[in-house]
Amino acid sequence: MHPAKVYRGLWSQPLPWLVVSAGTLLMLGVVMIASASMDTAAANLGNSYHYAVRQLLFAGLGCALALAAANVPVSWWYRSGWLLLAIGMASLLLVLTPLGKTVNGSTRWIPLGLFNVQVSEVAKLCLIAYLAGYVVRRRDELVNTWWGFVKPVLVLGLASALLVIQPDFGATVVLMTAALGMIFLSGVRLSRFMPLIAVCVILGAALVVTQPYRLKRVVSYLDPWQDQYNSGYQLTQSLIAFGRGEWSGVGLGNSIQKLFYLPEAHTDFIFAITAEEFGLLGSMVVLALFTVLVLSGFAIARKAEKQGMGFAACFAYGLTLLLGLQAMINMAVNTGLLPTKGLTLPLMSYGGSSLIVVCVSIGILVRIEMERQQQLSPESDDKAVVARPRGAS
């Protein structure tokens, strides 16, 4: 199909493209997790299908929650802004108590029996919902005064500080960038962001320099082959996977790198295993699917904005930025374009919390487009759907 036709289709009917691309990535993720994790699961847990079965269960739960989210009115998210902010902050604080679970030096999870909840995933969704409501309620103040701009930045700063304590530097970057991108799209001048960007760069550099493991990651990123058996090990093994895949790959299930060479093959580096088994062509298909997913999300947001659905548009922009940024960073890490960071690939990497929250986000985007189409429908009698929430300017 010609790219121009695809673009026109995304703009005129983004909902089918969103659902199909998300569903395809979800199914592909289950298949790749089964392939990438079999040997690790057999050696460590005595069950080759442990991770695959759990991911299939998470996918089913995620689809059910996405369907539930698609039936929740957008107005509920707007009215529940303060509640969602409280939930997000409370979860970030709760994980720092003895209830938090520490894995590989990071305390990011709260165990709930059958699975662990990664609190940063929940917090990101809650904070984006709250900030979207703030942007709509205080738009004039946000755009025209420094104090209106500083207030949401303080909320983001507190959340980022709690994330760094865990530590979860990757989630901090994704949340800050998505939230600030959402605020920028609301009409705030770029000059307002300059001091904040400078402060973030300085703090980010300080975090890298003061933590030896982060500094090693940056150094290994610049030349991973210089210390390929220590600090550059993950990246070099990932690059080997891409090299072995060549154009068309070695075939599903035939990866060598997943045989205990590439750590976290079924989580952070699932894209590298996909590239090894399906080659450059398979990698480009995954990239194309994420591109369609993100563009359809932005199309939904833009259409809602043009129709006067202020909160829905802002919320959709924020959710799409979260998905797009996390996917972009993960694939950039896998290919050596960014320093190694523990971020999952949305819809494809193993992990219940990330998958469920992403599915809920897709469900919210579906709901936003459904409400927009409902407003356009002449036979619709429901005039209570939120177009511009009370207090919006």
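Excluded from the calculations below are hydrogen atoms, water molecules and symmetry mates; all remaining heavy atoms, backbone and side chain alike, are included. Bear in mind that the values here come from a model prediction, so they are computed numbers and not experimental data.
- Between Cys200 and Met176 the shortest heavy-atom distance is SG-CE, 4.0 Å.
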Begin with the C-alpha distance, continue with both residues' side-chain angles, and end with the deciding distance and a verdict on side chain to side chain contact (heavy atoms under 4.5 Å, CB included) for Leu65 and Cys359. CA-CA 7 Å; Leu65 291 177; Cys359 287; 5.9 Å; no
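- Contact check for Lys306 versus Lys303: no side-chain heavy atoms found under the 4.5 Å cut-off.
- To the nearest 0.5 Å, the span separating CD1 on Ile110 from OG on Ser91 amounts to 7.0 Å.
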Going through the distances and angles, do Thr274 and Met348 end up as a side chain to side chain contact (heavy atoms under 4.5 Å, CB included)? CA-CA 10 Å; Thr274 304; Met348 286 193 64; 3.8 Å; yes
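- Sorted by first then second residue, the side-chain hydrogen bond (donor to acceptor under 3.5 Å, both in side chains) pairs that include residues 44-62, not counting sequence neighbours, are Arg54-Tyr350.
- In this structure, Phe193 and Phe149 have perpendicular ring planes: the angle between them is above 60°, well past the 30° mark.
- Remark: side-chain polar atoms of Arg108 are paired, donor with acceptor, to backbone N or O of Pro167 under 3.5 angstrom.
- Between the CZ atom in Arg367 and the CG atom in Leu365 there is a gap of 13.0 Å [rounded to 0.5 Å].
- The side-chain heavy atoms of Thr97 and Leu93, taken from C-beta on, include no pair separated by under 4.5 Å.
- The shortest distance between side-chain heavy atoms of Glu305 and Leu185 does not fall below 4.5 Å.
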Using the rule given for side chain to side chain contact (heavy atoms under 4.5 Å, CB included), can you reason through Leu26 versus Cys63, listing the C-alpha separation, both sets of side-chain angles and the distance that settles it, and then say yes or no? CA-CA 10 Å; Leu26 183 61; Cys63 290; 3.6 Å; yes
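- Distance alone, capped at 3.5 Å, is enough to place a donor-acceptor pair between the Gln257 side chain and the Gln237 backbone.
- Using a 4.5 Å cut-off on side-chain heavy atoms (C-beta onward), Asp168 and Gln118 make contact.
- With rounding to the nearest 0.5 angstrom, the CE atom of Met309 is 5.5 Å from the CD atom of Glu371.
- Taking hydrophobic clusters as Ile, Leu, Val, Met, Phe, Trp and Tyr residues chained together by side-chain heavy-atom distances below 4.5 Å, Val201 shares a cluster with Val153.
- A 4.5 Å side-chain heavy-atom check between Val333 and Gln234 finds every atom pair outside the cut-off.
- Shown here for Ile270 and Ile33, the closest heavy-atom pair between the two residues is CD1-N, 4.0 Å.
- Considering only heavy atoms from C-beta on, Val119 stays 4.5 Å or farther from Leu94 through its side chain.
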What do the steps show when you test Ile300 against Arg372 for side chain to side chain contact (heavy atoms under 4.5 Å, CB included), and what is the final call? CA-CA 9 Å; Ile300 288 172; Arg372 187 193 69 82; over 6 Å; no
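- Minimum interatomic distance between Ser354 and Thr344 (heavy atoms only, all atoms of both residues): OG-OG1, 3.2 Å.
- In terms of heavy atoms, Thr335 sits closest to Leu239 at O-CD2, 3.6 Å.
- Residues Leu252 and Met284 share a hydrophobic cluster, clusters being chains of Ile/Leu/Val/Met/Phe/Trp/Tyr side chains in contact below 4.5 Å.
- By the 6.0 Å contact criterion, CH2 on Trp146 is enclosed, its count of non-hydrogen atoms from other residues, nucleotides or ligands being greater than 12.
- Sorted by first and then second residue, the salt bridge (Lys or Arg N to Asp or Glu O under 4.0 Å) pairs involving residues 247-266 (not counting sequence neighbours) are Lys258-Glu277.
- Of the possible donor and acceptor atoms, one in the side chain of Thr145 sits under 3.5 Å from a partner among the backbone N and O of Gly148.
- A donor-acceptor distance shorter than 3.5 angstrom exists from the side chain of Ser353 to the backbone of Asn116, with no hydrogens or angles considered.
- With Phe315 as the partner, the ring pair (Phe, Tyr, Trp, His ring centres under 6.0 Å) test is satisfied by one option alone out of Tyr134, Tyr130, Trp77, Trp76: Trp77.
- Counting all heavy atoms, side chain and backbone alike, Ala22 lies closest to Leu293 at CB-CD1, 3.9 Å.
- Judged by the 6.0 Å and 45° rule, Arg137 forms a cation-pi pair with Tyr78.
- The backbone N or O of Met32 lies less than 3.5 Å from no partner atom in the side chain of Ser35, so there is not a single donor-acceptor pair.
- Under the 4.5 Å side-chain heavy-atom criterion for ILVMFWY residues, no single connected hydrophobic cluster contains both Val53 and Leu56.
- Using a distance-only test at 3.5 Å, with no hydrogens or angles considered, no donor-acceptor pair links the side chain of Ser160 to the main chain of Thr172.
- Residues forming a ring-ring contact (aromatic ring centres under 6.0 Å, His included) with Phe269 (at least two apart in sequence, or on another chain): none.
- Between atom NE2 of residue His266 and atom CD1 of residue Ile273 there is a gap of 11.0 Å, rounded to the nearest 0.5 Å.
- Taking each heavy atom of Ser361 and Leu125 in turn, the nearest pair found is OG-CD1, 4.1 Å.
- The backbone N or O of Asp268 lies less than 3.5 Å from a partner atom in the side chain of Asn330, making a donor-acceptor pair.
- Remark: Lys151 engages Glu141 in a salt bridge (charged side-chain N to carboxylate O under 4.0 Å, His left out) (not counting sequence neighbours).
- Looking at residues two or more places apart in sequence or on another chain, you find no side-chain contact (heavy atoms from CB on, under 4.5 Å) involving Glu246.
- In this structure, Leu154 is not a member of the same hydrophobic cluster as Val199, with clusters built from ILVMFWY side-chain heavy atoms closer than 4.5 Å.
- In summary, the side chains of Glu369 and Gln373 do present a donor paired with an acceptor at a separation below 3.5 Å, with no hydrogens or angles considered.
- In the hydrophobic clustering of this structure, Leu325 groups with Ile197; members are Ile, Leu, Val, Met, Phe, Trp, Tyr whose side-chain heavy atoms approach within less than 4.5 Å, directly or through other members.
- Considering CG of Leu319 and CD1 of Ile362, their distance stands at 8.5 Å, rounded to 0.5 Å.
- With contacts defined as side-chain heavy-atom distances shorter than 4.5 Å, the pair Pro152/Leu142 qualifies.
- A donor-acceptor pair under 3.5 Å links the side-chain atoms of Thr236 to the main chain of Tyr233, judged by distance alone.
- Rounding to the nearest 0.5 Å places CG of Leu345 at 11.5 Å from CG of Leu355.
- Within the 4.5 Å cutoff, the side chain of Phe290 has no heavy atoms near those of the Met328 side chain.
- For Arg244, the salt bridge (charged side-chain N to carboxylate O under 4.0 Å, His left out) partners two or more places apart in sequence, or in a different chain, are Glu276.
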